[in-house]
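Notes for the one structure printed next.
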Amino acid sequence: MPELPEVEVVRRGLATHVVGRTVESVTVTHPRSVRRHPEGAADLAARLTGLRVESAQRRGKYLWLTFDEPDTALVVHLGMSGQMLVQPAVAPVEKHAHIRAALHDGAELRFVDQRTFGGWALAPLVEVGGSLLPESVAHIARDPLDPLFDQEAAVAALRAKNTEIKRVLLDQTVISGVGNIYADESLWRARIHGNRPASGLTRPALRTLLTEVGAVMGDALEAGGTSFDALYVNVNGQSGYFERSLAVYGREDEPCRRCGAPIVRERFMSRSSYSCPRCQRKPHHR
């Protein structure tokens, strides 16, 4: 599942190649790709046609475009395999290109989604905390790369949760943008085991953790995100290479890059968690 850095890479590509362009037509070839838009494919296509893209925005792992029509946003759900590709109209159509928006300059914005968990949906914009957000994104918290992210408020929110710290990091209503990969990487950098209760961590420890969350996301963003297969690409179809820098995720039995102990993999919330048994001590249970 794409996390904040991967979504931000896509957002930047859209800001460069789509913002300022006008949508001339929209073609939907798979109904699942518009299932979050209750009015259906014809309505989405009709409402987008003729609109000029004003901005590409993101909060956490959520991405949307705004237009010259007030209060309208196109929310893009990347799902497990969604790609937003900008291609010349004459380029061969990808096998799983389920939505194609023709732009006035001869390019096409294509939503390619092999597993069809993602899609497009129009949503009204609402004001939340001084920001305009799509109604479907209004409940999502700010992320650590947001200039208005309040670290002390986030520390208080974390300490109020009497559950595992990793579980809280994955809660998008507390801190957004963090998924399984970057949760493990941030916890390793902060020397905290993901099973430690959030309420039992000190404020300095939580500040360190949040700082590392921002740092690991920043590092991943510079590397273009993490691409484990050909599904994770930017708008030009290029893969990120942060996978090469991962310290724990996916490195079971490999030596910890800090102390040399073998990295362990454990089950957590139907996922896999990776940690160093020496650097990240597990909590003691009575």
Side-chain angles (χ1 to χ4, degrees), residues 1-19 53 55-66 75-86 109 111-112 118 131 133-134 137 140-151 154 166 168-172 174-190 192 194 206-251 257-258 271 274:
M1 183 75 73
E3 299 183 32
L4 184 155
E6 291 76 46
V7 177
E8 174 62 13
V9 168
V10 174
R11 188 205 67 78
R12 292 182 180 184
L14 294 174
T16 299
H17 297 287
V18 177
V19 169
V53 182
S55 70
Q57 301 190 31
R58 176 194 58 76
R59 174 165 287 195
K61 297 183 282 187
Y62 292 79
L63 173 71
W64 66 94
L65 299 176
T66 65
V75 180
V76 178
H77 300 267
L78 295 175
M80 293 289 290
S81 60
Q83 302 172 355
M84 294 281 278
L85 302 181
V86 179
L109 174 61
F111 181 69
V112 181
S131 300
L133 303 174
V137 182
I140 300 300
R142 294 188 186 276
D143 61 72
L145 297 187
D146 189 318
L148 298 181
F149 179 73
D150 187 336
Q151 187 179 88
K166 181 172 178 179
V168 183
L169 285 179
L170 297 176
D171 184 347
Q172 304 299 299
V174 179
I175 301 168
S176 69
V178 185
N180 202 39
I181 296 175
Y182 298 119
D184 282 356
E185 293 297 303
S186 303
L187 288 163
W188 179 82
R189 291 189 182 196
I192 297 172
L206 289 171
R207 291 189 191 103
T208 297
L209 175 58
L210 291 175
T211 298
E212 296 297 353
V213 169
V216 75
M217 287 184 172
D219 291 346
L221 188 54
E222 287 186 9
T226 300
S227 299
F228 284 107
D229 58 35
L231 299 180
Y232 297 93
V233 297
N234 63 18
V235 298
N236 297 315
Q238 299 167 328
S239 297
Y241 52 90
F242 189 66
E243 180 193 2
R244 304 172 192 172
S245 303
L246 294 175
V248 286
Y249 190 88
R251 299 188 64 241
R257 290 176 173 161
R258 187 162 49 210
R271 300 177 171 94
Y274 297 86

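Keep in mind that what you see is a predicted model, and the values were worked out from it rather than measured.
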Does Y274 form a side chain to side chain contact (heavy atoms under 4.5 Å, CB included) with L246? I'd like the steps, not just the answer. CA-CA 11 Å; Y274 297 86; L246 294 175; over 6 Å; no
Less than 4.5 Å apart, side chain to side chain, heavy atoms only: is that true for [X] and [Y]?
{"X": "L109", "Y": "L85", "answer": "no"}
{"X": "D184", "Y": "K166", "answer": "yes"}
{"X": "L14", "Y": "V53", "answer": "no"}
{"X": "L221", "Y": "R12", "answer": "yes"}
{"X": "L145", "Y": "E8", "answer": "no"}
{"X": "T208", "Y": "I192", "answer": "no"}
{"X": "M84", "Y": "F111", "answer": "yes"}
{"X": "V248", "Y": "R257", "answer": "no"}

Is the shortest distance from a Lys or Arg side-chain nitrogen in K61 or D143 to a carboxylate oxygen in the other one below 4.0 Å?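 Looking at D143 together with K61, the answer is no, because their closest N to O distance does not fall below 4.0 Å.
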Would you call E185-R189 a salt bridge at under 4.0 Å N-O? no
Could you tell me whether the side chain of [X] and the main chain of [Y] form a donor-acceptor pair under 3.5 Å?
{"X": "R258", "Y": "W188", "answer": "yes"}
{"X": "S176", "Y": "R59", "answer": "no"}
{"X": "Q172", "Y": "L170", "answer": "yes"}
{"X": "R58", "Y": "G60", "answer": "yes"}

Quick check: closest heavy atoms across [X] and [Y], and the distance to 0.1 Å?
{"X": "Y182", "Y": "A220", "value": "OH-CB, 3.4 Å"}
{"X": "A56", "Y": "R11", "value": "O-NH1, 3.0 Å"}
{"X": "V213", "Y": "S186", "value": "CA-OG, 3.3 Å"}
{"X": "L187", "Y": "G194", "value": "CD1-CA, 3.7 Å"}
{"X": "R142", "Y": "D146", "value": "NH1-OD2, 3.0 Å"}

Return the [atom1] to [atom2] distance between [X] and [Y], rounded to the nearest 0.5 Å.
{"X": "E6", "Y": "M217", "atom1": "CD", "atom2": "CE", "answer": "9.0 Å"}
{"X": "T211", "Y": "L206", "atom1": "OG1", "atom2": "CG", "answer": "10.5 Å"}
{"X": "L133", "Y": "Y62", "atom1": "CG", "atom2": "OH", "answer": "12.0 Å"}

